[in-house]
Amino acid sequence: MIRFEGVSKTYGNGVRALADVDLEVHPKDFLFLIGPSGAGKTTLLKLIYCEEKPEAGKVFFEEKEVTSLKRPDLFKLRRDIGVVFQDFRLLPTASVYENVSLVLEVLGKAEKEISEQATAALDLVGLSEKVDNFPWQLSGGERQRVALARALVGCPKVILADEPTAEVDPALTWGLMEILDELNKRGTTVIVATHDSEIVNSLKKRVVKIDRGRIIKDDKKGTYV
Ligand code: ADP
């Protein structure tokens, strides 16, 4: 479903974030991407949804090379991939409901469908009481859950989550993981970049470890170490 073939990425300042990465992610995989800060996890995720481009190698999504996609196909790629960004990227002047429903508006859905699906997504993440709040009125954990609702509301094929547990206390972390696990059981492919060894060790999912831009471990039911 997602394939990296000999992918390297060096940023403009000369930092080599990824070096000759080969990786295959299958439909319905649940994969933890682990490794120290600066290892290249975020860069790998950005290459999947084409926010960054590789300097060498190719990245494929469903057999299409993502860097060669023109506008309509790039739009489709972004529709197929829901992203929970590390910094959430919520619209500050939009309410919780609007932050989520906007995704469906962009997809051109009818008003009734937008309302039903946005409400269901916000219910799923436990935010039905906060729909009229603005991001600045929420805790870090709540903003995180808005970001998750926004990522899942269009029923994407893949959800990418970059350090989704970083700002969240342990109880909420488990809640977040349960939602991702449930979505995965319903067929969504999930990739989570994380430092959280407890979560990784408990869930026994596929674990891909990156160190200095290289994949140094890929275990089917792995642990953090
Ligand atoms: P991780 O997510 O594992 O912490 P990143 O992919 O964010 O790692 O970063 C990998 C390396 O690339 C780090 O050395 C980081 O400083 C560098 N890097 C990331 N983004 C940029 C950027 N936009 N410009 C320059 N260097 C960057």
Side-chain angles (χ1 to χ4, degrees), residues 1-2 25 27-32 45-46 48-49 51 61 74-194 196 199 203 205:
M1 178 172 217
I2 297 165
V25 181
K28 301 183 189 172
D29 269 0
F30 190 125
L31 185 156
F32 283 119
L45 297 180
K46 284 181 172 173
I48 298 174
Y49 59 88
E51 186 167 313
F61 183 82
L74 193 59
F75 184 66
K76 185 176 179 312
L77 175 85
R78 300 258 165 91
R79 214 167 54 197
D80 285 341
I81 300 176
V83 186
V84 184
F85 298 97
Q86 209 166 11
D87 53 4
F88 311 145
R89 298 195 195 175
L90 301 179
L91 296 172
T93 54
S95 70
V96 165
Y97 177 82
E98 287 162 347
N99 263 283
V100 175
S101 62
L102 198 62
V103 175
L104 302 169
E105 273 175 41
V106 171
L107 293 177
K109 303 234 176 191
E111 214 168 296
K112 184 164 174 280
E113 216 177 336
I114 293 176
S115 154
E116 282 170 6
Q117 292 181 12
T119 304
L122 286 162
D123 271 354
L124 185 68
V125 300
L127 281 180
S128 26
E129 310 278 291
K130 305 267 177 169
V131 288
D132 293 327
N133 285 56
F134 289 87
W136 55 271
Q137 296 172 313
L138 304 176
S139 69
E142 287 168 341
R143 284 200 293 274
Q144 176 72 271
R145 282 185 281 150
V146 180
L148 179 59
R150 190 188 50 190
L152 66 85
V153 73
C155 297
K157 294 177 182 172
V158 179
I159 291 186
L160 308 177
D162 196 358
E163 299 280 357
T165 60
E167 282 207 37
V168 183
D169 67 43
L172 288 174
T173 294
W174 284 108
L176 217 64
M177 284 300 146
E178 268 168 25
I179 294 169
L180 289 172
D181 202 26
E182 178 57 32
L183 291 169
N184 177 246
K185 288 193 175 110
R186 292 188 209 164
T188 312
T189 306
V190 175
I191 303 180
V192 180
T194 186
D196 195 323
I199 291 282
L203 290 182
K205 305 288 189 187

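In this structure a side-chain-to-backbone donor-acceptor pair under 3.5 Å is present from Asn99 to Leu91. At distances below 3.5 Å, not a single donor-acceptor pair connects side-chain atoms of Glu116 with backbone N or O atoms of Glu113. Of the possible polar contacts, one joining the Asn184 side chain to the Asp29 backbone as a donor-acceptor pair under 3.5 Å is found. Glu142 contributes no side-chain N or O that, together with a main-chain N or O of Leu127, makes up a donor-acceptor pair within less than 3.5 Å. With hydrogens and angles disregarded, no donor-acceptor distance shorter than 3.5 Å links the side chain of Ser101 to the backbone of Ala118. For the pair Arg150 (side chain) and Arg89 (backbone), a donor-acceptor distance under 3.5 Å is present.
For the pair Arg186/Glu182, a side-chain contact is recorded, criterion being any heavy-atom separation below 4.5 Å from C-beta on. In this structure, Tyr97 and Leu122 have side chains that are in contact, with non-hydrogen atoms separated by less than 4.5 Å. Residues Lys157 and Thr189 have side chains not in contact (no heavy-atom distance under 4.5 Å, counting atoms from C-beta outward). Proximity of Arg79 to Val106: side-chain heavy atoms (C-beta onward) are nowhere separated by under 4.5 Å. In this structure the side chain of Ile48 reaches within 4.5 angstrom of the side chain of Ile191, judged on heavy atoms. Annotation: side chain of Lys205 is in contact with side chain of Asp181 (closest heavy-atom distance under 4.5 Å). With contacts defined as side-chain heavy-atom distances shorter than 4.5 Å, the pair Leu180/Phe30 qualifies.
Residue Thr188 comes nearest to Pro156 through the heavy atom pair CG2-O, 3.6 Å, listed as atom of the first residue, atom of the second, then distance. Heavy-atom minimum distance, Leu152 versus Ala121: CD1-CB, 3.8 Å. Across Glu129 and Asn133, no two heavy atoms sit closer than the pair O-OD1, 4.4 Å. When all heavy atoms of Arg78 and Glu51 are compared, the pair lying nearest together is NH2-N, 4.1 Å. Of all the heavy atoms in Leu203 and Phe32, the pair that sits closest is CD1-CZ, 3.8 Å. Here the shortest heavy-atom pairing between Thr194 and Glu163 reads CA-OE1, 3.7 Å.
For the 3.5 Å distance criterion, the side chains of Asp132 and Ser95 fail to qualify, holding no donor opposite an acceptor.
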- [ ] In sequence, state the C-alpha distance, the side-chain angles, and the governing distance for Met1 and Val25, and then conclude on side chain to side chain contact (heavy atoms under 4.5 Å, CB included).
- [x] CA-CA 6 Å; Met1 178 172 217; Val25 181; 5.6 Å; no
- [ ] Go through Val83 and Leu45 one step at a time and tell me if the side chain to side chain contact (heavy atoms under 4.5 Å, CB included) criterion holds.
- [x] CA-CA 9 Å; Val83 186; Leu45 297 180; over 6 Å; no
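The distance from atom CG of Leu124 to atom OG1 of Thr119, rounded to the nearest 0.5 Å, is 12.5 Å. Ile2 contributes atom CD1, which lies 6.0 Å from atom CD1 of Ile81 (distance to the nearest 0.5 angstrom). The line from CD of Gln86 to CD of Gln144 is 10.0 Å long, rounded to the nearest 0.5 Å. Atom CG of residue Leu160 and atom OH of residue Tyr49 lie 7.5 Å apart, to the nearest 0.5 angstrom. Distance CD/Glu111 to CG/Leu104: 12.0 Å, rounded to 0.5 Å. Rounding to the nearest 0.5 Å gives a distance of 11.0 Å between CG of Leu148 and CZ of Phe88.
Salt-bridge annotation for Lys46 and Asp162: absent, with no side-chain N of the basic residue lying under 4.0 Å from a carboxylate O of the acidic one.
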